[in-house]
Amino acid sequence: MVPYFRNILFGHPLWLTMGRAASRQLFNIPLYSVVITILLRVLHKAGVIDLVKQEKNKNS
């Protein structure tokens, strides 16, 4: 949950929750980018991405 809303709804200290949220994002953003890159490579290798492009071109 966003630190600002946690502060409004539950009275949690804003600076403590912002610090923890920022430190989690330092880890999560690079992790998600690696996972998405691997996923896109696997889907492209399997031909799934090419099939989606072909279907999109047929419908256009």
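- A distance of 10.0 Å separates OH in Y4 from CG in L9, rounded to the nearest 0.5 Å.
- V34 and V42 end up in the same hydrophobic cluster when Ile, Leu, Val, Met, Phe, Trp and Tyr side chains are linked at under 4.5 Å.
- The distance from the CZ atom of R24 to the CG atom of L31 is 14.0 Å, given to the nearest 0.5 Å.
- The distance from the CD1 atom of I36 to the CG atom of L43 is 11.5 Å, given to the nearest 0.5 Å.
- For the atom pair CG of L14 and CD1 of I8, the computed distance is 9.0 Å after rounding to the nearest 0.5 Å.
- When all heavy atoms are compared, the tightest approach of M18 to P3 is CG-CB, 3.7 Å.
- In this structure, N7 contributes its side chain and H12 its backbone to a donor-acceptor pair below 3.5 Å.
- The shortest side-chain heavy-atom distance between R6 and T17 falls under the 4.5 Å cut-off.
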